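Given the structure is predicted, the values throughout are model-derived calculations rather than measurements. Throughout, a chain's letter reflects where its sequence line sits, starting with A, and its residues are numbered from 1.
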Number of protein chains: 2
Amino acid sequence: MAGQKVQRQTGVALWRQIADRIRTSINHGDFDETGMVPPETALALQFGVNRHTIRSALAALAQEGIVRAVQGRGTLIERKERLSFPISRRTRFSQGIGDQVRETRSVLLAASEEAASPDLARQLKISTGTRLVRLETLGQADHRPVSRATSWFPADRFGAIAEIYRTTGSITKAFRELGVPDYVRVVTEITATHADEGDLADLQLSPGAIVLVAQALNADLDNIPVQYSISRFAADRVRFTVEN
Amino acid sequence: MAGQKVQRQTGVALWRQIADRIRTSINHGDFDETGMVPPETALALQFGVNRHTIRSALAALAQEGIVRAVQGRGTLIERKERLSFPISRRTRFSQGIGDQVRETRSVLLAASEEAASPDLARQLKISTGTRLVRLETLGQADHRPVSRATSWFPADRFGAIAEIYRTTGSITKAFRELGVPDYVRVVTEITATHADEGDLADLQLSPGAIVLVAQALNADLDNIPVQYSISRFAADRVRFTVEN
DNA sequence: TATGGTTGTCTATATCAATAGACATTTTGA
DNA sequence: TCAAAATGTCTATTGATATAGACAACCATA
């Protein structure tokens, strides 16, 4: 926790930079011994800013429910975050993090049908214009949103997937009912960007947060693509783990 | 490119949010037909902000060398970025992106020796306090910095690795000279955060940029850990690809 | 119970971020 | 050659961000 400089005149307010750093420190376990954030005056000294700026940062974290200030005592840590999300040939949402939380759930936000764009067609190895089922889903762990995903499935094979998914809450089960006993992850692409409006709403993020974006292709056991998805994860809540 | 709302009073200035979005659009190829960014007035309408705010965003991108404004004509796209960085059992810096750029290079920034912290010891499966060689390196593609990394190696086996690396510029070759003919990636953890001071300097980033952080463990063919590294990539310049 | 350490609140001031409008300058093409 | 379209520059105003200082309120504990 040395070298705590913040940058000025960058378009990112100091209080937000500091809030992000403190959140990262909390998640890293830096304050586990006391269960408290250092005093505002100490943080102000550490970051080289006014105490009021620290208070703005802590207020943002309190708004997120991560800390709670108690007058006279200090600022208590309420909640730590960051799930480890494994990426492997058998990547599935619930299985990977099932042992890290009490309950995982997946919710269907919206379903529609559309024609494959050139980009989607290339990914799914079909011809442009082929009908696709599009699902918008939200992944939750212990009732807290972790990821939001858009998935596309060829409509000829999986036209009914929305209904089945809505009742079971599981892609794996839906595939099974539709004649795909098993499927594997072919490739995952990972990038990072700032949270957009939808991320803020669905993932309950604070503005300016970072999201990890995973674009994934799943195929059945005959290596025929069955699902292309773009998932957005709150970068503060997850880490990806690639086991080789 | 619809739904272009930006958030106010979030601690992230509008011009920075917009600069990030435009950069992403450029990298995505949205303006490839014209080779130009839309006119400032059009962007102002699209994002729902004043033209001056758009100008601030474009000025930031011009500062990065991504666009160049020409009075009377428009704003030209100078450079697109984003390398695909494969992560697999045989992940190496140069091999993966070698076919995407003309030249890859790796530069040694600093070398030192230190005792293993409890965390490092756990990762490398050694006892706390064991001597480690620590290397700070910078990965370049076509003379542009792509990643900065800190690596640790057990000093008993690899005490001379700094010298060999300095001359060869290759971890693979250095390992070979030190009796490790081959090595594999055991696990990679991927997170994302805001760029820190060192990122700004070494990776020539604009303040407020996002970095992808990859923590990786390499082992020799006897499955004995030989290297633990933390690499930081400019999120705008790379995407990770996990092939399964 | 007194004291030191901590968060809460208030006022004041300076700078950055954003909007608004007007007009100049340059390029392109009809 | 003129007009349209685009970037460049300037002034003015408002609200958010950040600093500075002072003091109140509260908690733990010696």
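Taking atom CH2 on Trp15(B) and atom P on dT17(D), their separation rounds to 14 Å, with Å as the unit. Taking atom CG of residue Leu76(A) and atom C1' of nucleotide dT6(C), one finds them 12 Å apart after rounding to whole Å. To the nearest angstrom, P of dA20(C) lies 12 Å from CG of Leu14(B). Between Ile54(A) atom CD1 and dG8(C) atom C1' there is a gap of 16 Å when expressed in whole angstrom units. Across the protein-nucleic acid pair, Glu40(B) atom CD and dT26(C) atom P stand 16 Å apart, rounded to whole Å.
At a threshold of 4.0 angstrom between heavy atoms, the contacts of Thr75(A) are confined to the sugar-phosphate backbone, with no base atom among them.
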Going 5' to 3' along nucleotides 20-30 of chain D, which nucleotides have protein heavy atoms under 4.0 Å from the base (write B), which only from the sugar-phosphate (write S), and which from neither (write -)? BB---BBBS--
Which donor-acceptor pairs under 3.5 Å do side chains of residues 125-132 of chain B form with protein atoms, sequence neighbours excluded?
unit_1    : atom_1 : unit_2    : atom_2 : d
Ser127(B) : OG     : Thr130(B) : OG1    : 3.4
Thr130(B) : OG1    : Ser127(B) : O      : 2.6

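Applying the salt bridge (Lys or Arg N to Asp or Glu O under 4.0 Å) criterion to Asp199(B), with sequence neighbours excluded, gives Arg148(B), Arg232(B). Phe153(A) is linked by a ring pair (Phe, Tyr, Trp, His ring centres under 6.0 Å) to Phe175(A), counting only residues two or more places apart in sequence or in another chain. Scored by the side chain to side chain donor-acceptor pair (under 3.5 Å) test, Glu114(A) finds Arg134(A), Trp152(A) as partners (sequence neighbours excluded). In this structure Arg51(A) satisfies the side-chain contact (heavy atoms from CB on, under 4.5 Å) test together with Glu40(A), Thr41(A), Ala44(A), Arg55(A), sequence neighbours excluded.
Annotation: Phe240(A) is not in aromatic contact with Phe240(B) [ring centroid separation under 6.0 Å not met].
Here the side chain of Arg55(B) is nearest to one of dT7(D), dA17(C), dT7(C), namely dT7(D).
Phosphate proximity of dA17(C) to Thr53(B): absent, as no side-chain N or O sits under 4.0 Å from OP1 or OP2.
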